[in-house]
2 protein chains.
Amino acid sequence: MKVTIRDVARRAGVGVATVSRVLNGSGYVKAETRERVLAAAAELGYVPSQLARGLVGGLSGTVGLVIPDITNPFFPLITRGVEDAASEAGYTVFLCNTDNDPGLEAHDVQKLRERRVDGVIFVGTTERRESVDRLLADGIPVVVMDRQLNHADVDTVLVDNLAGARAACRHLIGLGHRRIAHAAGHRSTRTGQDRCQGYREALEEAGIAFDPACVAWGDFTYESGYRVCQVLLGLTPRPTAIFAGNDLIALGAIRAAEDAGLAVPDDLSVVGFDDIQMAALVRPGLTTVRQPAREMGRMAMTMLLQRIRGEAAGPGRRHVYQPELIVRGTTRRREPHA
Amino acid sequence: MKVTIRDVARRAGVGVATVSRVLNGSGYVKAETRERVLAAAAELGYVPSQLARGLVGGLSGTVGLVIPDITNPFFPLITRGVEDAASEAGYTVFLCNTDNDPGLEAHDVQKLRERRVDGVIFVGTTERRESVDRLLADGIPVVVMDRQLNHADVDTVLVDNLAGARAACRHLIGLGHRRIAHAAGHRSTRTGQDRCQGYREALEEAGIAFDPACVAWGDFTYESGYRVCQVLLGLTPRPTAIFAGNDLIALGAIRAAEDAGLAVPDDLSVVGFDDIQMAALVRPGLTTVRQPAREMGRMAMTMLLQRIRGEAAGPGRRHVYQPELIVRGTTRRREPHA
DNA sequence: ATATGATATGGAATCGTTTCCATTCTCGGG
DNA sequence: CCCGAGAATGGAAACGATTCCATATCATAT
């Protein structure tokens with residue numbers, strides 16, 4: 001039924017070792033013998049078993065990609081970038097959704113270890129180090145994206161959240177806004193904290209006093225943005241601009257503002273973060289801070305491959321991307337009131 | 001370094017066969033022995049190798065999911081549904097993006113065969129049967145989603161595109177529209193053809209003559225929708241409504257209409273298909289035909305598991321979901337002109 | 001003519017499991 | 001007291017590759 005290397009060897013009239021050498025291009029093989037082996041393999045429709053290959057001590061040719069939820073529009077692009085680089089290198093990617101649930105994450109990591117993956121990429125997962133430690137103990141390299149893990153042995157790919165947040169807020173300040181609120185992401189994430197910090201720094205450098213009431217924490221979802229914006233719009237004086245922790249929050253905030261009878265950007269300017277696909281398609285277009293997500297995914301996979309191949313040893317490297325402000329239609333110059 | 005079943009056996013003072021029986025819950029094992037083995041495994045942090053398990057003739061515990069592009073907002077939900085069901089069953093999913101390129105698809109399928117996946121799910125791929133045939137020849141079950149493959153041995157999960165398209169057009173007709181155009185998807189896909197056919201049927205049953213000029217083919221992208229809509233709006237008399245082949249097309253069409261100075265839904269009503277996340281978030285909300293994508297993904301994986309476990313033999317089954325019309329803000333009653 | 005090093009090839013061990021088969025215990029019934 | 005069936009266990013043969021090591025054939029330099 002299944003055709004094995006032994007079948008190919010028999011058909012070509014050679015030993016299995018020779019077949020292996022031909023298929024892997026290793027060792028000496030006479031040109032004529034190579035032809036015969038290749039022909040036999042093709043005729044039999046031979047497909048080498050990566051399971052067996054992996055077992056003999058080599059690599060499995062697979063990596064794991066652990067993300068919270070592929071349904072969240074921020075992750076498909078990263079996933080695609082990882083996949084692109086993996087595919088080019090002959091690698092295959094296991095996709096795991098954790099919903100940010102530590103239990104599910106542990107379950108997924110356990111499965112990945114059983115599958116003997118050659119490496120794992122974590123994106124935007126909780127800061128819990130347990131899973132990562134277990135993998136490193138197995139000698140499986142790890143790359144972390146969009147989160148900072150103060151771990152000596154993992155490579156990190158992220159965007160400069162501070163700079164991005166500062167750029168977003170400077171843009172608003174430059175448009176004449178003074179009362180700027182921040183619809184923040186999740187308080188326990190470094191990403192959320194950094195963006196909030198960038199917001200504060202931009203205010204400070206413009207000489208605007210920081211009002212704690214202007215920062216409302218939630219999580220990185222549309223619903224959270226909607227809820228939090230309702231609170232922020234109730235402040236007096238009402239903010240004239242909102243810097244959101246990400247694009248989904250921004251979209252939720254815009255909807256909340258409109259439902260409250262406010263026009264965007266006439267009555268309220270809004271800036272997001274990430275530049276998800278939707279940001280360019282909604283009307284008015286969402287002004288936001290762009291992360292090169294696909295490129296970052298590709299970079300993460302590239303770094304992982306270097307670790308796997310032993311081309312990079314030593315302490316964890318860090319690759320920081322500079323985000324870019326994309327001005328669209330949700331921000332407008334604030335006309336000084338009478 | 002790596003801890004194997006032999007290490008666990010030694011530690012527990014038993015044979016490897018006994019350890020295997022304990023871990024798999026097969027055969028006879030004394031309760032006290034079981035405890036000892038389990039303890040030893042835990043102390044050593046033993047993780048069984050699925051590679052070895054798969055090799056001995058069992059299953060690899062993996063399946064392949066082949067889609068055109070995870071970046072297209074239609075696929076994440078399906079992917080998530082597949083993942084959900086897979087994870088519950090202890091399965092892991094290989095994600096492959098083909099960009100609808102037969103060459104890439106062949107490459108991906110080759111990799112999946114090398115990995116000895118237990119099954120493969122194709123979503124919205126080209127109708128080329130080659131890859132599928134190869135898998136079936138290997139004895140690897142296949143499930144196809146969102147496409148019809150006239151193949152005796154594959155299970156199919158799809159939505160009733162005819163009924164969905166009819167519902168969308170009846171809705172427009174019910175609102176008083178008579179001049180309705182169709183911004184169609186890709187001409188060579190069954191999905192595109194069926195939705196066009198449903199459109200024609202709805203017109204016919206309403207006694208509206210079919211005008212070939214009112215159907216413009218493209219592909220299932222935003223850009224295509226934009227382009228195609230420009231053409232349709234140039235017709236005389238100008239259509240008062242457009243039924244789009246999917247939501248991305250609809251979104252592109254809306255943008256084109258607005259750029260042409262037309263208001264949606266006042267001057268032009270638009271209906272989409274799929275109900276991607278964006279459809280509910282744009283303003284005005286997109287009227288569309290909803291597919292239960294996550295549920296469909298889950299169903300595809302469930303059917304695949306049944307095949308893998310031999311719980312379902314015989315000819316290919318077919319699971320057809322009934323779509324649901326979701327009325328939002330892009331459709332409006334046509335006021336009869338003077 | 002012989003030593004030498006490169007070229008070619010195959011046998012067999014190995015990777016970490018599952019599972020078949022053989023063996024040893026343990027009991028309850030005759 | 002013996003016997004047979006179930007309970008409990010371990011040894012060893014697969015599974016399908018890679019790779020080490022041994023062996024054989026050359027051509028060329030000495």
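Everything quoted here is computed from the prediction, not taken from an experiment. Heavy-atom basis, side chains included; hydrogens, waters and symmetry copies ignored. Order of the sequence lines fixes the chain letters, A, B, ..., with proteins taken first and strands second; residue numbering starts at 1 for each chain.
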(request) May I ask you to decide whether Arg318(B) forms a salt bridge with Asp155(B), counting only side-chain N to carboxylate O separations under 4.0 Å? (result) no

(message) For the CG atom of Asp118(B) and the CG atom of Leu304(B), what is their distance to the nearest 0.5 Å?
(response) 8.5 Å

(message) How would you summarise protein contacts on nucleotides 9-22 of chain C per nucleotide, using B for base, S for sugar-phosphate only and - for none, with heavy-atom distances below 4.0 Å?
(response) BBBB--BBBBB---

(message) Would you say that Ser131(A) contacts Phe122(A) through its side chain, given a criterion of any heavy-atom pair below 4.5 Å between the two side chains?
(response) yes

(request) Examine the side chains of Arg134(B) and Gln110(B) and answer whether a donor and an acceptor come within less than 3.5 Å of each other. (result) no

(message) Do Val66(A) and Val120(A) have side chains that approach each other closer than 4.5 Å (heavy atoms only, starting at C-beta)?
(response) yes

(request) Using atom types as modelled and distance alone, determine if a side-chain donor or acceptor of Ser87(B) lies under 3.5 Å from a backbone N or O of Asp84(B). (result) no

(request) Would you work out how much the helix from dA1(C)-dT30(D) to dG30(C)-dC1(D) bends between its ends, with each end axis defined by five base pairs, to 10 degrees? (result) 60°

(message) For Arg298(A), is there any backbone N or O sitting under 3.5 Å from a side-chain donor or acceptor partner on Thr302(A)?
(response) yes

(request) To the nearest 0.5 angstrom, please state how far the CG atom of Asn100(B) sits from the CZ atom of Phe220(B). (result) 10.0 Å

(message) I'd like the 5' and 3' limits of the part of DNA chain D contacted by chain A, with heavy-atom contacts below 4.0 Å.
(response) dG16(D) to dT19(D)

(message) Check Asp146(B) with Arg190(B), please: is the shortest side-chain N to carboxylate O separation under 4.0 Å?
(response) no

(message) Just verifying a value: how many Å separate His319(B) NE2 and Met145(B) CE, rounded to the nearest 0.5 Å?
(response) 11.0 Å

